[in-house]
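Have a look at the structure below before the remarks.
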Amino acid sequence: MKESDITHRLIVGFEIHVQLATRSKLFCGCAVEFGAAPNSRTCPVCLGLPGALPVLNRRAFELSMLTGLAMGCDIAPVTKWDRKSYYYPDLPKNYQISQYDVPLAHGGRFEVPHGDETVSARIIRAHLEEDAGKTLHDTPGCSLVDLNRAGTPLLEIVTEPDISSAEDAHVFCTELHRLVTYLGVSHANMQMGQMRFEPNINVAIEADGREYRTPISEVKNLNSFRSVRRAIEFEYQRQVQDWLADPGYVFKERPNENRGWDDDRGVTVFQRGKEAAHDYRYFPEPDLTQVEVTRADVAEIREGLPELPIPRRRRLIEDCGLSADDAATIVSDRATADLFDGAVRAGGPPSTVSKQFVNFWAKLANDRGVSIGALGVAAARMGALARMVDEGTINATAANRIAERMLESSESPDALADAMGLVAVLDADQTREWVDQVFAANEKAVGDAVSNPKKAKGAVGFLRGQVMKISGGKANPKLAGELIEARLAAPRDD
Ligand code: ZN
Ligand code: MN
């Protein structure tokens, strides 16, 4: 069969592991710490020694509830723990404590506006479990096990297969990552493996008036948004081509697969057939009591929900008049969004504050490899700088230069403008003199503007730029623009 004989549709669901930002592990007091000496952050509980008893980390449970609520899930009034058995050197107990039939959160939905569309997936469940240790294969002749990570709290989020393109998957994962960092439930550093995406991918194929489904492949442990997108694109093509080569099989005739992603080659690689739940011999964990959550507990956690990124973006567009792009930049991380709101509360006009965020604060932050929120400039000072531009005390170029100085100096933007000689000249005579000079030096632009109304607007901008230049940035651009326009309208006066 040829590709032109069939139509096909991609089906993607996700399993996502989020490492919670607790100080200690899920069932013992060991520190959660990346990069410590191997096996130095362990104790009898996370080493799985006989007789050691687990005790639940309350904070991990609360962070999980918070995330569940932010995704619109219901919180189970009673939740329990289960042993998921498998045998692997980095899993000292030979089972993982997880939640099987009663996850702590279920039945939510996460929706992301994307252009004019919405990317949306139902959340089946979110449950808490412990991470395994790490097996290291870089010593010749042997493998080494580091159990520092064993027992680290993970929230596993499982979605319905509602995603239908690699692009949508990318949008969904990016926004879910933003959500957990906004909530402060995870640092979600992807390079450090603190958020791992596992798409479950298959394809519905219509041929001869029938629908076929390819076997589901689960691509394990993707730790960048780019690899999520590329792995899904690759699997989509691979599964369609596999089916075309052997269209005889239907769903379940071939087993589902676990596959790994080879980023260098840009391909997925078969790892093993996928386990079914019965392979894990789940049974209730006898060493932990069940957790009861009252409605008052849920209400209290709900109180702690901050304004979430998506409604926050909408507010900046609708209430502050920001463009969608600018709102996205400002809301990209919580500290930056908080700083924006703080600058506006301190009297900075929203449109000017956002311009300054996008035009120079973002660049200054980028140069230093941090977010705007991490620049260390107080919101009130940012607000004051924006207000000075709005009031015409300084122009936009001067604001940029003052901003650079604000990073090293704790002086007010007012004082810095004074000290740097950047307070705008509002004097009309002085400004007219600069305009005269610019008109004399740029006869062509002036001629164009007069003879061709279509070019007039561009010419005004150009001439104003020249005025700013010869005034050393001290001219008031609004006044200069007005004088230029007036003079272009009556060019024959002189
Ligand atoms: Zn421990
Ligand atoms: Mn898991």
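Read the numbers this way: they start at 1 and go in the same order the structure lists the ligands and their atoms.
With the Mn ion (ligand 2) as the vertex, OE2 of E129 and OE1 of E156 span 100° to the nearest 10°. Here the angle centred on the Zn ion (ligand 1), running from SG of C43 over to SG of C28, is 110°, rounded to 10°.
Applying the 6.0 Å contact sphere to CZ of R59 captures no more than 12 heavy atoms from other residues, nucleotides or ligands.
Salt bridge R230/D263: present, at least one basic N to carboxylate O contact under 4.0 Å. Here R109 does not pair with D162 in a salt bridge; the nearest charged N to carboxylate O distance is not below 4.0 Å.
Residue contacts to the Mn ion (ligand 2): E15 brings no N, O or S atom closer than 2.8 Å.
Contact annotation: the side chain of Q241 approaches that of E3 to within less than 4.5 Å [non-hydrogen atoms, C-beta and beyond].
Counting just the N/O/S atoms of H17, the one with the shortest distance to the Mn ion (ligand 2) is named NE2.
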